[in-house]
Amino acid sequence: MFYCGIVGFTGTNKQSTPILLKGLEKLEYRGYDSAGVFVPSAELGADTLVREKGRVADLEALVATKSLTGTSGIAHTRWATHGVPAVKNSHPHVSADGRFYLVHNGVIENFLELKEEYLADVEFQSDTDTEVAVQLIGKFVDTENLSTFDAFKKALTLFGDSAYGFLLMDREEPDRMYVAKRKSPLLIGVGADFNVVTSDAVAMLDETHDFIELHDGEVAIIDPKKIQLFNEQGEAVEREPFHLDIDASETDKGIYPYYMLKEIDEQPIVIRHLMERYLAEDGTVQVGQAILDEMKAADRLYIVAAGTSYHAGLVGARMFERWSGKPTSVFLSSEFAYEQPLLSKKPFFIFLTQSGETADSREVLQNINDQGYHSLTLTNVEKSTLWREATYALPLLAGPEIAVASTKAYVAQVTLQAILAYALADKANLDFELHEVLSEIAVGIQAVVDDKETFKAVADKMLVPETTDSAFYIGRGVDSAVALEAALKLKEISYVQAEGFAAGELKHGTLALIEDGTPVLALITQPKTAGLVRGNLSETTARGALPYTIVAKSLAKAGDDYVLPDVNPLLAPLISVVPTQLLAYYTSLGRGLDVDRPRNLAKSVTVQ
């Protein structure tokens, strides 16, 4: 299940509807197919619930025809899981008596059993698991004379280990919100004479920068001037807000047509931010001595990640092994969570995650915590779940990444791993200064992103035509890891079937897929294997492939298509990935697709 969007607002003197709709706009990048808003109105007979299939803009157009006024409310963007995209399946959902309104992120795994046991006499209006929750609350209040809060808590006890983030309103308490979470992120935003709830702080940065994190199993009662927080045992909890130092303007596209292009352009700045925080000009690494001591003491590093972060981990592993001599293994979190390999005697775990909420990675983290092992999370979201639950955490400093296709977070992950590997290395065995090399890379990336029109022309010729239904990226060494990432970018936003391969594997089966006009893009940045990759590319052209080369300057030959600046070979992925990002962007654009919000995908996968 994917990360839907939740926003809620309760205040004394602000109209909630514009705030809620603006919050939904900020959450559009997460992926969704319908949206809805509920505002308990003081105006007699007013429309208080508005839902619509499609985009937030469609909801806003419908809201404009209604009378939706009030100083509190809840809203939601939904990605279909139980029930097709439709108005009836959109959130908020309503209890049978029309009293309770609920939005929900997550999956209630036992909803069918609960429906049969408790709600056989209720006529359901949707096909969702979420409606079971709101109907249970309504029934417990009606038949057991429970308060809203007690009915809410009783319902929570029935959901087992299901993942949820709930935001509930009661028509009879129009300024109060009830909140609960397990395995699905929710934050309480604190303001003057108002409070908010959101699944992502980005949605409410126009209102507040101060947030209280909710932990698993906790519930809260939120009024305009009061927040009551309780743990799973029902005990009151005091927790100070943290301040999120992000300029709300960072979450806007500015002059860019799409967030993805903006985020590609920001990559040189991301590298410089990481250098400023973690790497002094004299080569001193500033990440905390305790982290370095534990990594040095470990007999093996285990990098755990998913998707783009996994590809960044494949690059990082080679740096850890080559520079510091530290054995390093990289695992997909969804596999490691249920098929844990035989571990070394003194392992140390590194979790790579853009959102800090990836459910599969969290499952692994909980497992290794139970076994007493220590870990480090590298994430772009401070105070996120994987940040809190790891032994150590370091921020990627990439700033908000809005496009579903990750770009600058990948570059940040590779860069921060390089800094850590450099810190563990015996500098006498290295023939470079990392600060100098990263500075050169930032300049090199800037040169590539300034050459956008080149990649637009290539995309238009090779990848945009409807006759192109598949493409291949090939490389060896770290180039093969970049090939995986390049193929992922292309297929996730342009829907071209793309695969990344270690070039030598082509002849072991994949050559059967090469036919006239098939694009094959070769990454050549590694001196030891450059000739081999060229030979593999020739094998594809002999079978009709349309070739394209992305080559480091010192390895370039006449006829190569795009030449990159020379850098340390293990750090070449920081530059070589950028042309592939731009090719994916322009392919999606040329095919008339939504670059930032590809179909069937969302930014953060928070349920397994």
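The first residue in the sequence is number 1, and the count goes up from there.
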Backbone N or O of V270 within a donor-acceptor pair of the K408 side chain at under 3.5 Å?
-> no
So, for M319 and L571, which heavy atoms are closest and what is the spacing to 0.1 Å?
-> SD-CD2, 3.7 Å
Validation row: V449, Q581 side chains within 4.5 angstrom (heavy atoms) = no
With sequence neighbours left out, what residues match R388 under salt bridge (Lys or Arg N to Asp or Glu O under 4.0 Å)?
-> E213
Would E276 and R272 pass as an ion pair if we require N to O under 4.0 Å?
-> no
Quick one: which residue pairs count as a side chain to side chain donor-acceptor pair (under 3.5 Å) with a foot in residues 312-324, not counting sequence neighbours?
-> none
Look at the aromatic rings of F166 and F159 and report parallel, tilted or perpendicular, splitting at 30° and 60°.
-> tilted
Which atom pair, heavy atoms only, marks the closest approach of E363 to A337?
-> CG-CB, 3.7 Å
Rounded distance (nearest 0.5 Å) linking atom CG of L187 with atom NZ of K181 = 8.5 Å
Kindly write out the residues that satisfy side-chain contact (heavy atoms from CB on, under 4.5 Å) with P395, not counting sequence neighbours, or none if the list is empty.
-> R277, Y278, E382, W387, L397
Do we see a donor-acceptor contact under 3.5 Å between the side chains of N231 and H215?
-> no
Does H91 use its side chain to pair, donor to acceptor, with the backbone of H104 at less than 3.5 Å?
-> yes
Do L574 and L438 have side chains that get closer than 4.5 Å, going by heavy atoms?
-> yes
CE/M177 to CD1/I188 distance, rounded to the nearest 0.5 angstrom?
-> 8.0 Å
Ignoring hydrogens and geometry, is there a side-chain-to-backbone donor-acceptor pair from D210 to V190 under 3.5 Å?
-> no
Can you tell me how far CD1 of I212 sits from CD of E218, rounded to the nearest 0.5 angstrom?
-> 10.0 Å
Backbone of T407 reached by a side-chain donor or acceptor of E401 within 3.5 Å | yes
Distance from R476 atom CZ to T525 atom OG1, nearest 0.5 Å?
-> 13.5 Å
Answer whether the closest heavy-atom distance between the side chains of L378 and Q417 falls below 4.5 Å.
-> yes
